[in-house]
Amino acid sequence: MMTVDEFRARFPILTRRVYVNSCSQGALSTDVDEAMRAYLESWHESGSPWEMWVDEVERLREWFAASIGAGADEIAVMPSASAGINAVASALSFDGPRSHVVIGDFEFPTMAQVWLAQERRGASIRRAHASGDVLPIDAYAAAIDERTLVVPATHVCFRNGHKTDIAGLVKVAHDRGAYVFLDDYQRTGSGPIDVHALGVDFMVTGCLKYLLAAAGIGFLYVRRDLIERFEPTVTGWFGRVNPFAFRIDALDWPPGANRFETGTPPVPNAYAALAALDLLDRIGYDVVGRQVDHLVERYASAARDAGFVVRTPSDRARRGPLVVVQSVDAPALVAKLAARGIIASCRGNGLRVSFHAYNNDADVDAVISALVAEASLLERATATAR
Ligand SMILES: Cc1ncc(COP(=O)(O)O)c(C=O)c1O
């Protein structure tokens, strides 16, 4: 197995920058760099090696499935998380007794927007409201009933780092006959997950954040026993039993989740994603999870001790790899940090600092020192709030 130091050494940017922005884009490893060059080389060399390219996509399907405890037949390789959500939404009907979609306040916009777009097809959106930066399962329980069809839920919130109790949500939703559709994008790659044990019905994620690859590729997981219930109307030739049968007279549906796919797969991105999954496998998701948890704790407690307002929950079970500290002018703070060689990001006035296993204690300490130096741009906690 690879150590965290060996892992870190594969990311050249870390010799030049403190990189704490994996919640936006994972850092580029030499492995992914080489894989993308290998794709270009195969194109130069062979011109149109489509059989090999399609095989690479199948290899990716298997690797990703194994990384979340699923079977390859439960995975659709998609060009984005949005495409995965749309494919599922298009397969649901809202004209039966269940037409409600319960959306929590912490969703990434695309998750809310795809379901809002289904209102024209009969869907009715209900909301689960947060109290401040906390979204308890009780808020979902108050909104889910026998009219609820699906509950889309982000695992980690992109805005404040709150991690929802998905196992608790699955219990409430399933007791009332509703599906749970997990958006794991802000967590996948930052530690282990077992989708079967978690019990979600659908899950989407993508490769450009903690999965350490490029834009333009993601995954949809559909629980095996549900797959054959659904025939998406957002479809295409790669959603067929055999795309290369080139049929225009009828639709057939493969038994696997590949029925949710549409067009030609994003081959260059599949090369990048395979290399990144291989690298993550070599360090191991447990090791990644432990390192991320350690860094998050070090950073969040130092930020609190410095008197800053940490919006992310302090309970380890309720947070992921992202910690959000409240600024009075976060875009200005991000620019000040960049001038100090620290790459972070913001949403609203929340400063987002996120960790992967390639980060270390020195990164945390560098960010904290920079925040102390720029303290005029940070909101201060009142003594009681601390
Ligand atoms: C939680 C979450 N869901 C979904 C997305 C969007 O994914 P895509 O652009 O692949 O549709 C993002 C991207 O930032 C995200 O953070």
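The analysis underlying the following values was restricted to heavy atoms, covering all of them including side chains, and did not include hydrogens, waters or symmetry mates.
For E34 and R37, the salt-bridge test fails: no basic side-chain N is under 4.0 Å from an acidic carboxylate O. Ion pairing between R290 and D286 fails under the 4.0 Å rule for side-chain N and carboxylate O. Electrostatic pairing of R59 and D55 does not count as a salt bridge here, judged by no charged N lying under 4.0 Å from a carboxylate O. By the 4.0 Å N-to-carboxylate-O rule, D315 lies too far from K163 to be salt-bridged with it.
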Check your understanding: Could you go step by step and tell me if S29 and Y358 meet the side chain to side chain donor-acceptor pair (under 3.5 Å) rule?
Key -> CA-CA 10 Å; S29 61; Y358 46 58; over 6 Å; no

Practice item. Take D31 and R282 through the salt bridge (Lys or Arg N to Asp or Glu O under 4.0 Å) test and state the conclusion after the steps. Key: CA-CA 12 Å; D31 306 65; R282 276 182 283 147; 2.9 Å; yes

Point to revise | Criterion side-chain contact (heavy atoms from CB on, under 4.5 Å) on Y185 and L208, from CA distance to verdict | key: CA-CA 9 Å; Y185 212 146; L208 64 81; 3.3 Å; yes

Practice item. Test side chain to side chain donor-acceptor pair (under 3.5 Å) on T235 and R240 and set out the steps. Key: CA-CA 9 Å; T235 190; R240 301 285 73 78; 3.2 Å; yes

Review point. Could you walk me through whether Y299 and F355 pass the ring-ring contact (aromatic ring centres under 6.0 Å, His included) check?
Key: CA-CA 10 Å; Y299 174 67; F355 298 102; 5.6 Å; yes

Practice item. Carefully, step by step, assess W53 and Y271 under the rule side-chain contact (heavy atoms from CB on, under 4.5 Å). Key: CA-CA 9 Å; W53 287 343; Y271 270 71; 3.3 Å; yes

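Put simply, the side chain of S327 gets close to the backbone of L377: a donor and an acceptor are under 3.5 Å apart. Formation of a donor-acceptor pair under 3.5 Å by the D201 side chain with backbone atoms of F181 is not found in this model. With hydrogens and angles disregarded, no donor-acceptor distance shorter than 3.5 Å links the side chain of S354 to the backbone of P321. Checked by atom type and distance alone, the side chain of E107 pairs as donor or acceptor with a backbone atom of T154 at under 3.5 Å. For R352 (side chain) and N21 (main-chain N/O), no donor-acceptor pair under 3.5 Å exists by modelled atom type. Between the side chain of N359 and the main chain of H356, a donor-acceptor pair closer than 3.5 Å is present. D293 places no side-chain N or O within donor-acceptor distance of the main-chain N or O of G289, the cut-off being under 3.5 Å. In this structure, Q25 contributes its side chain and A213 its backbone to a donor-acceptor pair below 3.5 Å.
The local environment of CZ in R159 is sparse, with at most 12 non-hydrogen atoms from other residues, nucleotides or ligands closer than 6.0 Å. Surrounding CH2 of W50 are more than 12 heavy atoms belonging to other residues, nucleotides or ligands, all under 6.0 Å away.
Pairing each heavy atom of L378 with each of L371, the nearest pair is CD1-O, 3.4 Å. Here the closest non-hydrogen pair linking P79 and P266 is CA-CG, 4.4 Å.
Between the side chains of R340 and S369, not a single donor N or O lies within less than 3.5 Å of an accepting N or O. Residues S345 and R347 have side chains that never bring a donor and an acceptor to within less than 3.5 angstrom of each other.
In terms of hydrophobic clustering, with Ile, Leu, Val, Met, Phe, Trp and Tyr side chains grouped at heavy-atom distances under 4.5 Å, L279 and I68 are assigned to a common cluster. Cluster membership for F108 and V156, using ILVMFWY side-chain heavy atoms within less than 4.5 angstrom, is not shared.
You'll find the side chain of L169 reaches within 4.5 Å of the side chain of I144, heavy atoms only. Within the 4.5 Å cutoff, the side chain of H196 has heavy atoms near those of the Y221 side chain.
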